[in-house]
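Keep in mind that what you see is a predicted model, and the values were worked out from it rather than measured.
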Amino acid sequence: MGENNYAKELDVAVRVVHMACSLCQRVQEGLVSSTSNDHVMSKDDDSLVTVADWSVQAIVSWMLSESLSNQKVSIVAEEDVQTLSKSDSVGLLTAVVNTVNECLAEAPKYGLQSPKKALGTSQILEAISQCNSTGGRKGRHWVLDPVDGTLGFVRGDQYAVALALIEEGKIVIGVLGCPNYPRKKEWLSHHHSSQTMPKMSDTSETWEKGCVMYAQRGSGEAWMQPLIHGNKKHTWSNSAQRVQVSSIDDPALATFCEPVERANTNHSFSAGVAHSMGFKKQPLRVHSMVKYAAIARGDAEIFMKFAQSGYKEKIWDHAAGVIIVEEAGGVVTDAGGHPLDFSRGLYLEGLDRGIVACSGTILHEKLIGAVYASWDSSNL
């Protein structure tokens with residue numbers, strides 16, 4: 001596979017995710033500062049969904065179709081348009097339409113083209129409903145999680161915008177926008193980190209939080225750009241820094257990440273594995289795919305997730321993070337040490353017990369061993 005096969009797709013994807021992060025920040029500021037709950041509704045599976053979810057899905061769908069107009073764009077995404085089309089969602093739909101158009105008007109700042117005129121409600125609903133692909137092993141599919149970590153989003157904490165491209169069942173591009181990712185990793189572990197992180201002023205040349213990470217399969221490189229703040233036009237070429245995984249391979253010095261909510265992982269089993277590995281540090285509990293970003297950037301060495309039995313991992317919760325960690329030098333497998341299979345549709349089918357991501361092979365081998373040892377002695 002040629003190195004520049006995906007240059008255009010990667011370029012568009014990075015710019016679109018920057019736009020999506022800016023949209024999310026705007027919605028999040030409104031959400032955190034207002035006490036009204038109008039913007040948050042419950043999804044069938046009890047996770048929260050916001051105006052941001054649908055708005056991001058609309059702009060990503062619209063922008064990919066416009067920018068890659070020579071391709072048939074197939075998108076697998078989390079939100080379905082049914083809820084938004086219901087008559088009782090009028091207020092929500094109006095908020096989405098306004099948010100989308102505000103964001104699209106700023107496209108030139110990101111080197112993309114705005115629509116000639118504001119999009120109407122039906123065009124926006126159509127863009128959202130076009131994200132109806134079910135993936136699989138044939139052809140090209142974009143995979144989008146518009147707001148990953150909705151609880152983190154609603155609390156003003158960590159969340160991510162994740163976009164990946166899968167071709168013939170393999171991830172070839174991953175872009176992960178982490179709007180609240182702190183410049184200093186010590187701030188990651190603060191709950192409600194928005195209260196403890198210094199606010200960034202537009203004039204400041206250093207950035208305090210927020211980045212977009214991206215990687216292309218086979219390049220052996222992963223990159224990070226600071227988010228665009230204020231009205232500065234972005235100088236794309238010189239803002240990217242290469243990121244690499246940590247070189248720590250001693251478990252006593254390693255930091256491990258796991259999901260915040262108990263519903264998403266078995267904390268006690270992870271604790272057993274951590275104990276048998278000889279970890280000394282407290283686990284870093286972080287919302288969303290930001291955990292993959294922490295591994296890729298070298299801020300943590302291990303991420304483990306052991307979902308309740310019966311829970312099926314969805315491809316959009318992992319695709320972008322997996323390729324970024326791998327290209328940054330890390331290893332991601334299931335708990336039996338097998339590669340994750342993104343070619344089986346919406347879910348990671350055939351997953352052995354859980355998902356583990358490590359900064360390198362030495363820790364990975366120890367971790368897989370510890371999982372087997374702890375598994376036998378636990379009643380998961």
Side-chain angles (χ1 to χ4, degrees), residues 1 5-6 9 13 16-17 43-47 49 53-54 56-58 60-61 64-65 68 71-84 126-150 160-176 215-218 259 263-265 288-289 291-292 303 305-326 332-357:
M1 184 155 48
N5 277 359
Y6 302 99
E9 288 82 352
V16 169
V17 170
K43 215 169 11 180
D44 290 344
D45 64 356
D46 295 333
S47 62
V49 72
D53 254 327
W54 277 302
V56 167
Q57 194 156 311
V60 171
S61 171
L64 289 178
S65 296
L68 305 171
Q71 303 177 15
K72 182 183 175 300
V73 173
S74 159
I75 304 175
V76 181
E78 187 175 22
E79 299 309 329
D80 93 53
V81 80
Q82 297 335 84
T83 331
L84 203 51
E126 188 189 347
I128 295 172
S129 60
Q130 271 171 349
C131 302
N132 58 1
S133 163
T134 51
R137 63 182 72 249
K138 288 196 166 46
R140 277 187 174 194
H141 308 285
W142 290 91
V143 178
L144 170 69
D145 193 340
V147 178
D148 178 52
T150 32
V161 176
L163 181 63
L165 178 61
I166 292 181
E167 183 153 36
E168 309 304 324
K170 297 255 185 297
I171 316 168
V172 291
I173 286 173
V175 185
L176 199 54
Q216 181 178 318
R217 165 74 59 220
N264 291 346
T265 194
S288 84
M289 257 189 277
K291 290 179 279 290
Y292 284 111
F303 157 41
K305 183 178 183 199
F306 302 98
Q308 316 290 357
S309 66
Y311 178 82
K312 288 165 77 168
E313 295 287 353
K314 300 167 196 76
I315 58 172
W316 55 74
D317 283 332
H318 301 282
V322 168
I323 185 173
I324 291 169
V325 167
E326 289 177 342
V332 187
T333 65
D334 68 14
H338 317 104
L340 307 182
D341 184 353
F342 286 90
S343 72
R344 313 261 295 267
L346 301 180
Y347 300 99
L348 291 171
E349 303 284 359
L351 201 61
D352 184 351
R353 290 168 293 190
I355 293 177
V356 297

Query raised in the report: So do the side chains of Glu167 and Arg217 get within less than 4.5 Å of each other, counting heavy atoms only?
Result: no

Query raised in the report: Taking the side chain as C-beta and beyond, is there a heavy-atom pair between Arg137 and Lys170 under 4.5 Å?
Result: no

Report task. Tell me, please, which residues at least two apart from Asp317 pass side-chain hydrogen bond (donor to acceptor under 3.5 Å, both in side chains). Result -> none

Query raised in the report: side chain to side chain contact (heavy atoms under 4.5 Å, CB included) with Ala162: which residues, sequence neighbours excluded?
Result: Asp145, Leu176, Met289, Ala320

Query raised in the report: What's the verdict on side-chain contact (heavy atoms from CB on, under 4.5 Å) for Tyr292 and Ile324, showing C-alpha distance, side-chain angles and the deciding distance?
Result: CA-CA 8 Å; Tyr292 284 111; Ile324 291 169; over 6 Å; no

Query - Heavy-atom closest contact (Ile171 atom, Ala164 atom, distance) - result: CG2-CB, 4.2 Å

Query raised in the report: With a 4.5 Å limit on heavy-atom distance, are the side chains of Val76 and Trp316 in contact?
Result: yes

Query raised in the report: Rounded to the nearest 0.5 Å, how far does OG1 of Thr333 lie from NE2 of His338?
Result: 8.5 Å

**Report entry** Any side-chain heavy-atom pair of Ser133 and Ile75 under 4.5 Å
**Finding:** no

Query raised in the report: Is a side-chain donor or acceptor of Ser343 paired with a backbone partner of Gly169 at a separation under 3.5 angstrom?
Result: no

Report task. State which residues pass side chain to side chain contact (heavy atoms under 4.5 Å, CB included) with Gln71; sequence neighbours excluded, sorted by chain then number. Result -> Glu9, Leu68, Arg140

Query raised in the report: What pair of heavy atoms forms the shortest contact from Arg344 to Gly350, and how long is it?
Result: NH2-N, 4.3 Å

Query raised in the report: What pair of heavy atoms forms the shortest contact from Asp334 to Leu340, and how long is it?
Result: N-CD2, 3.6 Å

**Report entry** Nearest atoms (heavy-atom pairs only) where Ala335 meets Phe306
**Finding:** CB-CE2, 3.8 Å

Query raised in the report: For Ala160, does its backbone N or O pair with a side-chain atom of Asp148 as donor and acceptor, under 3.5 Å?
Result: no

Query - Sequence-distant partners of Lys138, side chain to side chain contact (heavy atoms under 4.5 Å, CB included), two or more places apart - result: none

Requested in this report: Under the side chain to side chain contact (heavy atoms under 4.5 Å, CB included) rule, collect the residues that match up with Glu168, sequence neighbours excluded.
Outcome: none

Query raised in the report: If we only count heavy atoms from C-beta on, is the Val143 to Phe342 side-chain gap below 4.5 Å?
Result: no

Query - Over all atoms of both residues, closest heavy-atom pair of Ala77 and Cys131 - result: CB-CB, 3.7 Å

Query - Pro259 vs Lys291 side-chain heavy atoms within contact, under 4.5 Å - result: yes

Requested in this report: Kindly write out the residues that satisfy side-chain hydrogen bond (donor to acceptor under 3.5 Å, both in side chains) with Ser129, not counting sequence neighbours, or none if the list is empty.
Outcome: none

Query raised in the report: Can you tell which of Leu348, Val322, Asp341 makes a side-chain contact (heavy atoms from CB on, under 4.5 Å) with Ile315?
Result: Leu348

Query raised in the report: Closest heavy-atom contact between Leu351 and Ile355?
Result: CD2-CG1, 3.9 Å

